[in-house]
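To find a chain, count down the sequence lines: A is the first, B the second, and so on, and within it residues start at 1.
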Amino acid sequence: MNLKSMTGLILIALLWVLPAAQAQTAAPCPPLSACLSWAAPTSNTDGSPLTTLAGYTVSYGQAADALVKTAVINSPTTLGYTVSALTPGTWYFTIDAFNTAGAHSAKSNTVSKVIPASVPAPPTNLAISANLTAYTLIKAQGKLALVPVGTIHAGVRCDATQSVIIGSTAYYPVAEADVTYTGTVTTVTPLAQCS
Amino acid sequence: MRITIPFTLPTSRADGTALAATEVAAVDFFLSTDNGLNYASVGHAAPDQTAFTVDLTDPGTYLFRAETVDTQIPPRSSVDSNVVSFTVPTPPLAAPSPPVLGAVGMV
């Protein structure tokens, strides 16, 4: 049988690249998939009309020179195919057409798509801690002053030195309670909460 | 006040595949001051860090959450982490000044 060979197909797009007006109605390509579309050949390589088109073979793989996977489409009117269950990485695709006698065209151009990895898991075990500064109130040169003495973990209400910690600030006993301080230290509170 | 938020970096992706530390670009932190209605970016921690620190000054309740961002191009972010909160208390009111007595009248 003297079969006429077909012209090579032109794979026109890897994705559903449509004009803006049509894009609104096009279904998005599913995750881990590549949506191929192409234009069908209309003639054989000798220029004669192609009337015996039978289908297409999609070849794909993770290297342009190793398209080891195939999908056969036994329908000449089908002009799109979704390759699914792809693993993350770059995938390459090409397609050929075959006629009713089983003769295949040359391969089309090769297109590629990067399949992204899944989103990362979120960070876990978030907690809150605050390096709170503990102060002691001392009298120096006739005035009271807050002197940092260390750090206290958030949530502690009273520590071993009988200081009082309210929220974020630690207040230590005032030795000279009868001293009236009128300076800038305004956050000192009574110590009765710690017993 | 300096707040420290420790976290554990994930070792997997959402689909269960492994996620190396080198595949993590950052851990982004978000802050809400309206009880979780809205969150805004407040900074990020590098993948080799184990905690994020932030300074809080104004009284109020602060909610924090985080997302893992990977190194893909374009980068992909995880879903939200658990939320933690911290309250900066309102400073106690200062005691009032004493009243000032006027002169005692002589009868």
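A:L79 and A:F93 fall within the same hydrophobic cluster, defined by Ile, Leu, Val, Met, Phe, Trp and Tyr side-chain heavy atoms under 4.5 Å apart, directly or through other members. One hydrophobic cluster, built from ILVMFWY side chains closer than 4.5 Å, cannot hold both B:L63 and B:L56; they sit in different ones. Criterion: ILVMFWY side-chain heavy atoms under 4.5 Å apart, direct or through other members. Under it, A:I95 and A:L53 are part of a common hydrophobic cluster. Linking Ile, Leu, Val, Met, Phe, Trp and Tyr residues whenever their side-chain heavy atoms come within less than 4.5 Å leaves B:F7 and B:V69 in two separate clusters. Hydrophobic clustering (side-chain heavy atoms under 4.5 Å, transitive across Ile, Leu, Val, Met, Phe, Trp, Tyr) groups A:V111 together with A:W91.
Distance check: A:L126 CG to B:I5 CD1 gives 6.5 Å after rounding to the nearest 0.5 Å. Rounded to the nearest 0.5 angstrom, A:T87 OG1 and B:D15 CG are separated by 11.0 Å.
A donor-acceptor pair under 3.5 Å links the side-chain atoms of B:R76 to the main chain of A:A117, judged by distance alone. Within the 3.5 Å criterion, the main-chain N or O of B:R13 finds no donor-acceptor partner in the side chain of A:S118.
Of all non-hydrogen atoms in A:P123 and B:S81, the two that sit nearest each other are O-CB, 3.2 Å.
Contacts between B:T11 and chain A at a heavy-atom distance below 4.5 Å are absent for every atom of the residue. B:Y62 does not touch chain A: none of its heavy atoms, backbone or side chain, sits under 4.5 Å away. Proximity to chain A (any heavy atom under 4.5 Å) is shown, for B:V79, by both the backbone and the side chain. Only the backbone of B:E67 comes within less than 4.5 Å of a heavy atom in chain A; its side chain stays farther off.
In this structure, B:S77 and A:P120 have side chains that are not in contact, with every pair of non-hydrogen atoms separated by 4.5 Å or more.
The salt bridge (Lys or Arg N to Asp or Glu O under 4.0 Å) search around B:D80 returns B:R65, not counting sequence neighbours.
The neighbour count for B:N35 CG, taken as heavy atoms of other residues, nucleotides or ligands under 6.0 Å away, does not exceed 12.
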